[in-house]
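Naming convention: chains lettered A, B, ... in sequence-line order (proteins, then strands); numbering from 1 in each chain. Just so you know, these numbers come straight off a predicted model, no measurement behind them. Quick note: numbers below take in every heavy atom, side chains included, and nothing from hydrogens, waters or symmetry partners.
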Amino acid sequence: MLLIPCPWCGPRDEAEFGYGGQAHVAYPADPGALTDEEWARYLFFRDNPKGPFAERWHHAAGCRRWFTVTRDTVTHEIHPPAFAADGGSR
Amino acid sequence: MTTTTGRDRLWDSPEPEGSYDVVIVGGGGHGIATAYYLAKNHGITNVAVLEKGWLAGGNMARNTTIIRSNYLWDESAGIYEHALKLWEGLEDDLGYDVQFSQRGVLNLAHSLQDVREGVRRVNANRLNGVDAEWLDPGQVTEVCPIVDVRQDARHPVLGATYQPRAGIAKHDRVAWGYARAASAMGVHFIEHCEVTGIETSGGRVQAVQTTRGRIAAGRVAMSAAGHSSVVAGMAGLRLPVQSHPLQALVSELLEPVHPTVVMSNAVHVYVSQAHKGELVMGAGIDAYNSYRQRGAFHIIERQMAAVLELFPIFSRAHVLRTWGGVVDVTPDASPIVGLTPVGGLYVNCGWGTGGFKATPGVGWCYAHTIAGDAPHPLNAPFTLERFTTGALVDEHGAAAVAH
Ligand SMILES: Cc1cc2nc3c(=O)[nH]c(=O)nc-3n(C[C@H](O)[C@H](O)[C@H](O)COP(=O)(O)OP(=O)(O)OC[C@H]3O[C@@H](n4cnc5c(N)ncnc54)[C@H](O)[C@@H]3O)c2cc1C
Ligand SMILES: [Zn+2]
């Protein structure tokens, strides 16, 4: 089981969290302007690296907030979230 | 084949040659079966299967061997039923015992929604010529007496779909049987040979770079399962797949007690009993992306909790061994088999948690695709383009947790 560092609650068992997949996937600014190809890329295509991966977690059984960590998909080593002044980017 | 040491080997392990007509990347069940059908159905024998580890040591060695074809949509019924028909003749075709056993599969319904979904799927299966029955709880116990169908149970059994022609096989023997037959027709199986690059020029594939040197190739067929994104990335292709751990486990060897295969999507568990006697069980994927062939223990724990509710008789059994594989999951729980934007480069991936059962079918269709540079009608719906056109084949109901 992973020990996941919630920026607000500290390290907690993986079982308390929900997974949100790749981080920093922004909703398209003008969805109607996208081609089918671009819309498909937004909807269905995500990075799948073997190595460091910036991903979203949701502390569902804790503070219920979302945050981003970088986890290595081979070693499972987690680099804790950066404490940005802007809470939204945690 | 007899080597200089006098030991019989199932396949030759030659040194790689400088060039092949077809190079298959990944020596799992799919890659091996594809090589076999390239040789057998299309007369293409100048083929190398390149495997970074040992042959069939990936998901082919790790799956729980459930074989069935009771998927919902016509497209899926087509390819999975083709595979099941090939399974039914496989031992004769290969001249090799793969311990294929048609002991049937039950998919349990625990809620009214499960019942509706199950009955709908039975009807869809029948329309596609796939054997399927809807069983009430009493009939479920006739097929599998050890399932707890008491209505006050934690997971009450309201009924089940039943496919009598479904079953299991011995995964290793399937790989060995195909490799043996393909090797006899001249296919090269090259182990400990990792593909590290794919060379293209003028929009066409030219060669692969490997840890055992450069190998030129007329055509390159990717079949790397959990590593599909990594391999496709070498040719600059992005795939709509995510790699996840998928775990399974076995008990110690027990007397025959479980006559069929039981699956339950609602509680994320499935159970069969292998020929040797161990109970074979599996769950759903671990939630996060990973290339590590292991998952978390709480997944196993939850799965065992559900199993004990469904099969109280297992309460004294012990978990002997747990393991994991890396499976490539698509957004619609259906595979991708076909052409790519690069000439001479083909993709077979996205079988996720359920590609063992498809081994003969995908080998057959993928070989056809490679030989004729055009999809076989049975894999034509499973293109990469469907994620752009929107023609998804949504099998989450029949495939997401199920195997
Ligand atoms: C625990 C578990 C249970 C499962 N249960 C079932 C089930 O009950 N029924 C079912 O139908 N399916 C099941 N599956 C899914 C099934 O195992 C897979 O869908 C199927 O095996 C994938 O095809 P394959 O056999 O070719 O994959 P693999 O055996 O994984 O073959 C891919 C090969 O590619 C090789 N490779 C990767 N990268 C490179 C490279 N760069 N160069 C060279 N070689 C490379 C790998 O080493 C590997 O051997 C299960 C999977 C797991 C993990
Ligand atoms: Zn928290």
One pair to check against side-chain hydrogen bond (donor to acceptor under 3.5 Å, both in side chains): A/Asn48 and B/Tyr291. What are the steps and the verdict? CA-CA 10 Å; A/Asn48 189 24; B/Tyr291 285 85; 3.3 Å; yes
Between B/Asn289, B/Val326, B/Asp332, which has the largest tally of heavy atom pairs under 4.5 Å with chain A?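 Looking at each option in turn, the highest pair count goes to B/Asn289.
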May I ask you to name which of B/Pro331, B/Gly233, B/Pro240 has the most heavy-atom pairs under 4.5 Å with chain A? B/Pro240
Can you establish whether the number of heavy atoms outside A/Arg12 located under 6.0 Å from its atom CZ is more than 12? yes
Under 4.5 Å from any heavy atom of chain B, what part of [X] do you find: side chain, backbone, both or neither?
X: A/Leu43; value: neither
X: A/Trp57; value: side chain
X: A/Asp47; value: both

How far apart are the closest heavy atoms of B/Arg238 and A/Arg46, and which atoms are they? NH2-C, 3.3 Å
Here the pair of heavy atoms bringing B/Ala296 nearest to A/Glu14 is CB-OE1, 3.8 Å
Contact check, side chains of [X] and [Y], non-hydrogen atoms, under 4.5 Å:
X: B/Phe387; Y: A/Arg41; result: no
X: A/Phe44; Y: B/Leu392; result: yes
X: A/Val74; Y: B/Arg292; result: no

What parts of residues 25-38 of chain A touch chain B if we use heavy atoms and a cut-off under 4.5 Å?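 Contacts with chain B: A/Asp36, A/Glu37.
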Criterion side chain to side chain contact (heavy atoms under 4.5 Å, CB included) on A/Tyr19 and B/Asp286, from CA distance to verdict: CA-CA 10 Å; A/Tyr19 187 60; B/Asp286 282 52; over 6 Å; no
A/Met1/B/Phe297 under side chain to side chain contact (heavy atoms under 4.5 Å, CB included): CA gap, chis, key distance, verdict: CA-CA 6 Å; A/Met1 184 173 322; B/Phe297 194 70; over 6 Å; no
Can you tell me if B/Gln242 uses its side chain to pair, donor with acceptor, with the backbone of A/Gly21 under 3.5 Å?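 Looks like no, no N/O pair under 3.5 Å.
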Which of A/Gly51, A/Gly18, A/Pro49 touches chain B most, by non-hydrogen pairs under 4.5 Å: A/Pro49
Of the backbone (N, CA, C, O) and the side chain (C-beta and beyond), which part of B/Ile299 lies under 4.5 Å from a heavy atom of chain A, both, or neither? neither
Kindly compute the distance separating OG (B/Ser290) from CZ (A/Phe53), expressed to the nearest 0.5 Å. 11.0 Å
